[in-house]
Amino acid sequence: MDCYTANWNPLGDSAFYRKYELYSMDWDLKEELRDCLVAAAPYGGPIALLRNPWRKEKAASVRPVLDIYSASGMPLASLLWKSGPVVSLGWSAEEELLCVQEDGAVLVYGLHGDFRRHFSMGNEVLQNRVLDARIFHTEFGSGVAILTGAHRFTLSANVGDLKLRRMPEVPGLQSAPSCWTALCQDRVAHILLAVGPDLYLLDHAACSAVTPPGLAPGVSSFLQMAVSFTYRHLALFTDTGYIWMGTASLKEKLCEFNCNIRAPPKWCVYAAHSKERAVVVAWERRLMVVGDAPESIQFVLDEDSYLVPELDGVRIFSRSTHEFLHEVPAASEEIFKIASMAPGALLLEAQKEYEKESQKADEYLREIQELGQLTQAVQQCIEAAGHEHQPDMQKSLLRAASFGKCFLDRFPPDSFVHMCQDLRVLNAVRDYHIGIPLTYSQYKQLTIQVLLDRLVLRRLYPLAIQICEYLRLPEVQGVSRILAHWACYKVQQKDVSDEDVARAINQKLGDTPGVSYSDIAARAYGCGRTELAIKLLEYEPRSGEQVPLLLKMKRSKLALSKAIESGDTDLVFTVLLHLKNELNRGDFFMTLRNQPMALSLYRQFCKHQELETLKDLYNQDDNHQELGSFHIRASYAAEERIEGRVAALQTAADAFYKAKNEFAAKATEDQMRLLRLQRRLEDELGGQFLDLSLHDTVTTLILGGHNKRAEQLARDFRIPDKRLWWLKLTALADLEDWEELEKFSKSKKSPIGYLPFVEICMKQHNKYEAKKYASRVGPEQKVKALLLVGDVAQAADVAIEHRNEAELSLVLSHCTGATDGATADKIQRARAQAQKK
């Protein structure tokens, strides 16, 4: 343990700091870091170097080179810079490289040097040029703050949703501020700047002078300022060598330290501390950690170095090494500090003695158990293992935790299992070839989903899939999502044929749930590989996803075929309307002729929306039958004048003749004759005749007393006698003209018989008239007629005379117990006699 704490450095009595090597950098830099623009992303992110050719001593003809490396120095991308002079580099939260140019344009590149997009910081910035820039992170995303040549500030709090804000002017500012930074307070981005001994805080509305409380006297300038990773605390380095630390709101002072160095530091960054009261200050060859203790921790820097503030420490890299400086976590300090009697320390010693087969293991274990601290000891070892970088020490602590668990009855295993899983993941991504040196605290803050996204961004698909399978993540969140990203990357490989790429993607993905082939096809189309996109869409089972992309690719006819195959009429209508707007009228109709289902659906659409188009369709297809039907509907829907209606009907009749449908043609001509006759009747007799059917017209004439006209109409249109008698019978009964009805019944023998007369009279509740006709009813309907007029006894006599069982049963069903008892007995006797015979 004594050896293990050799690199621990105390900062006062409350904390220790240690610095250990993450990687030995092998990136073969030809220039010093000071000669480059450098940007390193937090959370173990990549490093970007732009070798700066815009220095005065450099030849103007030398093109700058933008290099991107992993945190271990592995090259990820290299490209010649062909745009304008760059003032600042920075990484967004999505690990996109933001390059702020002198003209205010911000170019965005991917991790592998692929250009993503660009945006401008406004015309004012373009006119006044950029003096300095900061890329900062907020809860909304990544922001950019610009200091222009006019000494004005412009910022956007989220480059993903660009909204430029021009900050208020600082009164009397004639030169660049000595130092400045971006703050994020109360969900609003601010600018804090120093002008001589004064500090100003800019928000969207005003410029406010602020004074740090408790600042040592004699300050004439602020040389550096640093804001903590969480934006809650601030450090100010003054020209007197004092470092003031307090809250970012500048309302509370935490501590102050005199480093006795007045030279402006190259770096001043906040080091995460349990109380956030430690700052790392660096000069060319010296690095100092200061806090609220009277002494500081000092390190010698052998090379020009770059500092990257992290959630729980500071990364320091140079041309040869990459190190991490952080506060020793409380669990590790309790276990490893010299002469520690913490439960975790005793458990670790007990496990080591157990491996030596020494009885001291039992003594240590008993001591922990007597104090009732075995559970705490196990938790300490598990927690400390998470904060260790070396796998050997992780294993040692986890073995101790596992050893202690054996002597506990009900220790929940979740924390131990999850720590083992987390450490396996962390050790895998910390590997030199991966180069993501996350700490346990950073990993928990970042979450596994974001880590997987970053592995996918680095195209480390196999490792990402292995992690998903190891952690047993749901397929939609894990393997499926990664395979979809892999497929989207695969379609960008233009040196492989479309057929091979489509086959490889299908073999790898198959029917994996959560993978959308249409999304992959859309990426292929975006890369200019239309044929590959079509091949990939063949594997997409959902037509609703296939069709929109095919329409976007202007493969409308193929989209129509897919929509028809799906059976989704809404989808077919969508394609049809798209085709209608895309093609000329003739080509559109020819396309429909080859797709009967689509043609049928389009006709249905036209019937409700575009009648003229429907007529054109019928004309093009020489469909005279449907064309005739169309003109008939049009004659009633569109024409109000009788002449127009008759003309439309004549057109319909001609169409039916061309369709060789003589029945429809004759019926149409009869309708035309009827319309003309109805107009003449209206003119001569008055009343409403138009649009009545032939039967209704006859009935109306009878009701109006125009019997001769009704009979003439029946002859003209060859209405059968039976139908005419029914019409006249019904009309006279409705008029209750019983005398005329009786004359009509005697005019000649009724072709419909006389039972209808009985039924109609009874319907009008006139039994007297009904009885007149009951006697004239034929023998086969006599019983029914008598029953209708209520003469049950006579009906029984007729039924007995006919010896018809069905008629006897019918009469018997109409007999009531009180009034027709004798009739019922009579029927029963007749039945009995019939059975004896």
Side-chain angles (χ1 to χ4, degrees), residues 22 40-46 70-72 74 76 91-96 110-111 137 139 141-142 229-230 272 308 310-313 315 324 326 329 331 379 382-391 394-395 397-398 401 412-489 508-509 512-516 519:
L22 296 172
Y43 294 100
S70 70
S72 59
M74 293 285 289
L76 298 176
W91 290 93
S92 72
E94 295 79 21
E95 290 196 332
E96 290 181 327
L111 197 63
H137 304 294
E139 57 189 292
S142 302
F229 200 83
T230 59
V308 186
E310 290 281 7
L311 174 70
D312 52 352
R315 281 162 51 210
F324 186 61
H326 74 124
Q379 290 287 15
I382 293 173
E383 184 181 348
H387 295 294
E388 293 303 317
H389 186 74
Q390 295 300 326
Q394 296 169 4
K395 292 176 183 177
L397 288 163
L398 289 174
D414 294 352
S415 59
F416 181 81
V417 172
H418 290 157
M419 182 59 74
C420 291
Q421 292 176 334
D422 291 341
L423 286 176
R424 286 198 66 178
V425 172
L426 285 172
N427 290 334
V429 300
R430 288 170 181 168
D431 182 82
Y432 174 81
H433 296 93
I434 309 300
I436 306 179
L438 283 176
T439 64
Y440 180 75
S441 300
Q442 294 168 19
Y443 170 68
K444 285 302 179 185
Q445 178 71 20
L446 201 63
T447 72
I448 184 62
Q449 292 298 336
V450 178
L451 177 58
L452 289 173
D453 288 341
R454 297 197 169 186
L455 291 173
V456 166
L457 202 60
R458 288 161 172 77
R459 300 171 185 166
L460 299 170
Y461 306 108
L463 177 59
I465 290 174
Q466 287 176 351
I467 290 174
C468 291
E469 292 174 344
Y470 173 65
L471 297 178
R472 298 179 181 177
L473 297 178
E475 280 201 5
V476 176
Q477 300 176 11
V479 175
S480 296
R481 188 167 62 93
I482 293 164
L483 285 174
H485 281 290
W486 166 80
C488 291
Y489 166 66
K508 182 72 73 175
L509 269 61
T512 304
V515 175
S516 171
D519 291 343

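If you take CD on E94 and CZ on R454, they are separated by 8.5 Å, rounding to the nearest 0.5 Å. Summarising the geometry, atom SG belonging to C468 is positioned 10.0 Å from atom CD belonging to E475; distances are rounded to the nearest 0.5 Å. The line from CG of L311 to CG of L446 is 10.0 Å long, rounded to the nearest 0.5 Å. The structure places CD1 of I382 at 10.5 Å from CG of D414, a figure rounded to the nearest 0.5 Å. Atom CZ in F324 sits 10.0 Å away from atom CG in L438 (nearest 0.5 Å). L76 contributes atom CG, which lies 9.5 Å from atom CG of L457 (distance to the nearest 0.5 angstrom).
Atom CZ of R459 sits in a crowded spot, with more than 12 heavy atoms from other residues, nucleotides or ligands closer than 6.0 Å.
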Taking it one step at a time, do L455 and I436 satisfy side-chain contact (heavy atoms from CB on, under 4.5 Å)? CA-CA 9 Å; L455 291 173; I436 306 179; 4.0 Å; yes
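Residue S142 comes nearest to A93 through the heavy atom pair OG-N, 2.7 Å, listed as atom of the first residue, atom of the second, then distance. Annotation for S415 and Q379: closest pair OG-OE1, 3.9 Å, computed over non-hydrogen atoms. Taking each heavy atom of A71 and G45 in turn, the nearest pair found is CB-O, 3.8 Å. Residue A41 comes nearest to R315 through the heavy atom pair O-NH1, 2.9 Å, listed as atom of the first residue, atom of the second, then distance. Minimum interatomic distance between S70 and I434 (heavy atoms only, all atoms of both residues): CB-O, 4.1 Å. Q421 and Y470 get closest at one heavy-atom pair: CA-OH, 3.5 Å.
Inter-residue side-chain proximity for Y443 and L423 is flagged as unmet; no heavy-atom pair is nearer than 4.5 Å. Side-chain contact between D453 and E95 is absent, with no heavy atoms from C-beta onward closer than 4.5 Å. Residues D519 and C488 are not in side-chain contact: their nearest non-hydrogen atoms beyond the backbone lie 4.5 Å or more apart. Contact annotation: the side chain of V456 never approaches that of Y489 to less than 4.5 Å [non-hydrogen atoms, C-beta and beyond]. Two residues are said to be in side-chain contact when any heavy atoms from C-beta on lie closer than 4.5 Å; E469 and I465 meet this criterion. No side-chain heavy atom of R458 sits less than 4.5 Å from a side-chain heavy atom of L463. Residues Y440 and P329 are not in side-chain contact: their nearest non-hydrogen atoms beyond the backbone lie 4.5 Å or more apart. Between L460 and V429, every side-chain heavy-atom pair lies at or beyond the 4.5 Å cut-off.
R481 places a side-chain N or O within donor-acceptor distance of the main-chain N or O of Q477, the cut-off being under 3.5 Å. Between the side chain of E310 and the backbone N or O of Y43 there is at least one donor-acceptor pair closer than 3.5 Å.
In this structure, K395 has no salt bridge (charged side-chain N to carboxylate O under 4.0 Å, His left out) partners at least two apart in sequence or on a different chain. For the salt bridge (charged side-chain N to carboxylate O under 4.0 Å, His left out) test, no residue two or more places apart in sequence or in another chain qualifies with E383.
At a cut-off of 3.5 Å, with distance as the only test, no side-chain donor of D312 or Q445 sits close to an acceptor on the other residue. At a cut-off of 3.5 Å, with distance as the only test, no side-chain donor of T439 or S441 sits close to an acceptor on the other residue.
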